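On a predicted model such as this, the values are computed, not experimentally measured, just so you know.
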Protein chains: 2
Amino acid sequence: MFPRRPDDMPECGPPACSVEDVIDRVGSKWSVSILLVASDGPVRFSGLERAIPGISRRMLTLTLRNLERDGLVVRTIFPTVPPRVEYSLTPMAVELQAALVALAGWARLHRGDIADARARYDERPG
Amino acid sequence: MFPRRPDDMPECGPPACSVEDVIDRVGSKWSVSILLVASDGPVRFSGLERAIPGISRRMLTLTLRNLERDGLVVRTIFPTVPPRVEYSLTPMAVELQAALVALAGWARLHRGDIADARARYDERPG
DNA sequence: CGGGATCCACCAGGATACTG
DNA sequence: CAGTATCCTGGTGGATCCCG
């Protein structure tokens, strides 16, 4: 996730750079939340703020900028009063949803397993 | 990723807590690298160190402990001299690989798109 | 409404040295 | 070989105030 890969470093290298690159892009604290809220259609800034409990204005702005920079969301400004800004997913981000759904499926399947593993680990003898 | 969800917070909540939980677990800087190296079979500490350029002993140990705690890797100690420790993936982690492969596929497909988006964003007028 | 600017705390993570 | 212990820093992310 952040920190982002410096520009003077190679784009890719073994092992398994690809997945790590994705994690670099959607691994920040709020990225996935934003992408999933926006998957229901264009969202406004305040809508995201309401839909994602706990996010600060600053982090919402920063994360949106990063997603926009990476070409995952598009920012559309309507020059009205009061100003209105909508964020929508790019086709690329829509394709990403499938992979995220796979992750979510895995998480749902193994939620109990992980909880059990942690409980056992915490009560380890020693 | 880290910081991990505090124990006094609910395990899950809208929106899309599941994916975020996964990111919390495999989103740390080296987690995915370790999982992918270990997917080829049991690996030793020094093997991981060699296979993952740039990782420090400390972070290798810490990340392995977290993966073990979450039930994603198993640590097997052989009481020989010199000591020998092997790390292998649990079935749960093997299933995760499929989801990670989906992510990698998306990354491979859109590597150029993202690079282009970033280049365009950096040379934006304004 | 939709941010930007600023200050600050915390902690992930690196470097190094030491141990069984 | 496979770690642990300690110190340190950079940057993520929170809180707050201000602006067009």
Side-chain angles (χ1 to χ4, degrees), chain A residues 1-7 9 20 23-34 37-38 42-70 73-88 124 126, chain B residues 1-7 9 20 23-34 37-38 42-70 73-88 124 126:
Chain A
M1 53 231 64
F2 314 98
R4 306 201 152 270
R5 184 194 308 279
D7 291 338
M9 287 197 61
E20 294 161 1
I23 299 286
D24 277 353
R25 292 199 176 83
V26 301
S28 75
K29 189 172 182 182
W30 306 103
S31 302
V32 178
S33 301
I34 293 179
V37 172
V43 211
R44 302 182 60 180
F45 189 90
S46 47
L48 287 164
E49 215 175 351
R50 257 177 285 110
I52 307 175
I55 195 171
S56 65
R57 269 194 172 71
R58 191 182 105 100
M59 288 319 298
L60 180 53
T61 302
L62 279 180
T63 311
L64 282 170
R65 289 295 170 278
N66 283 325
L67 292 174
E68 190 192 356
R69 173 190 167 106
D70 290 342
V73 306
V74 173
R75 185 165 175 258
T76 311
I77 310 172
F78 300 89
T80 60
V81 274
R84 173 200 183 113
V85 179
E86 279 187 358
Y87 295 91
S88 42
R124 73 197 179 277
Chain B
M1 49 234 69
F2 315 97
R4 305 202 153 268
R5 183 194 308 280
D7 291 338
M9 286 197 59
E20 293 163 0
I23 298 286
D24 277 353
R25 290 199 179 85
V26 301
S28 74
K29 189 173 183 182
W30 306 103
S31 303
V32 178
S33 301
I34 292 178
V37 172
V43 211
R44 301 182 60 178
F45 189 89
S46 49
L48 287 165
E49 215 175 351
R50 259 177 284 111
I52 306 176
I55 195 172
S56 66
R57 266 192 174 72
R58 192 183 103 99
M59 287 319 296
L60 180 53
T61 301
L62 279 179
T63 311
L64 282 170
R65 290 292 171 278
N66 283 324
L67 292 173
E68 190 192 356
R69 172 190 168 106
D70 291 340
V73 305
V74 174
R75 185 165 176 259
T76 311
I77 309 172
F78 300 89
T80 59
V81 273
R84 173 200 185 113
V85 179
E86 279 188 357
Y87 296 90
S88 43
R124 71 195 180 277

Quiz item: Nearest to the side chain of B:Thr61 - C:dG13, D:dT4, D:dC1?
Solution: D:dT4

Quiz item: If you check the A:Tyr87 side chain, which of C:dG3, D:dA2, D:dG3 turns out closest?
Solution: C:dG3

Quiz item: Of all heavy-atom pairs between A:Thr63 and A:Ser31, which one has the smallest distance, and what is that distance?
Solution: CG2-OG, 3.6 Å

Quiz item: Tell me, for nucleotides 14-20 of chain D in 5' to 3' order, what letter each nucleotide earns: B for a base near a protein heavy atom under 4.0 Å, S for only sugar-phosphate near one, - for neither?
Solution: BB----B

Practice problem: Please state how far atom CD in A:Glu20 lies from atom C1' in C:dG13, giving the value in whole angstrom units. | Solution: 15 Å

Self-check item: side-chain N/O B:Arg75 vs D:dG3 OP1/OP2, d < 4.0 Å
Solution: yes

Self-check item: Any residue meeting side chain to side chain donor-acceptor pair (under 3.5 Å) with B:Arg58, in chain and number order, not counting sequence neighbours
Solution: none

Quiz prompt | Interatomic distance where CD belongs to A:Glu86 and C1' belongs to C:dC1 [whole Å] | solution = 13 Å

Self-check item: Rounded interatomic separation in angstrom, taking CZ from B:Phe78 and C1' from D:dG3
Solution: 17 Å

Sequence neighbours excluded and cut-off under 3.5 Å, please list the side-chain donor-acceptor pairs for residues 42-49 of chain B, or say none.
from: B:Glu49; atom 1: OE2; to: B:Arg57; atom 2: NH1; distance (Å): 3.3

Exercise. Could you check if a side-chain atom of B:Ser28 sits within less than 4.5 angstrom of a side-chain atom of B:Asn66, using non-hydrogen atoms only?
Key: no

Quiz item: Bend angle of the helix from C:dC1-D:dG20 to C:dG20-D:dC1 from five-pair axes at both ends, rounded to 10°?
Solution: 50°

Exercise. Could you state the atom-to-atom distance from CG of A:Asn66 to P of D:dG11 in whole Å?
Key: 14 Å

Quiz item: Tell me: CD of B:Glu68 to C1' of D:dG3, nearest whole Å?
Solution: 13 Å

Practice problem: Give the minimum heavy-atom separation between B:Ile34 and B:Ile52, together with the two atoms involved. | Solution: CG1-CD1, 3.7 Å

Practice problem: Check the distance between C:dG4's C1' and A:Leu64's CG and give it to me in whole angstrom. | Solution: 14 Å

Exercise. Could you work out which one of D:dG3, D:dA2, C:dG2 sits closest to the side chain of B:Arg65?
Key: D:dG3

Exercise. First locate atom CZ of B:Arg69, then atom CG of B:Leu64, and finally report the distance between them rounded to the nearest 0.5 Å.
Key: 15.0 Å

Self-check item: Gap between atoms CD1 and P, on A:Ile77 and C:dG2 respectively (whole Å)
Solution: 11 Å

Quiz item: Nearest-Å distance, CD (B:Glu49) to C1' (D:dC1)?
Solution: 10 Å

Exercise. Sorted by first residue and then second, give each side-chain hydrogen bond (donor to acceptor under 3.5 Å, both in side chains) pair with at least one member in residues 74-84 of chain B; sequence neighbours left out.
Key: B:Arg75-B:Tyr87, B:Arg84-B:Glu86

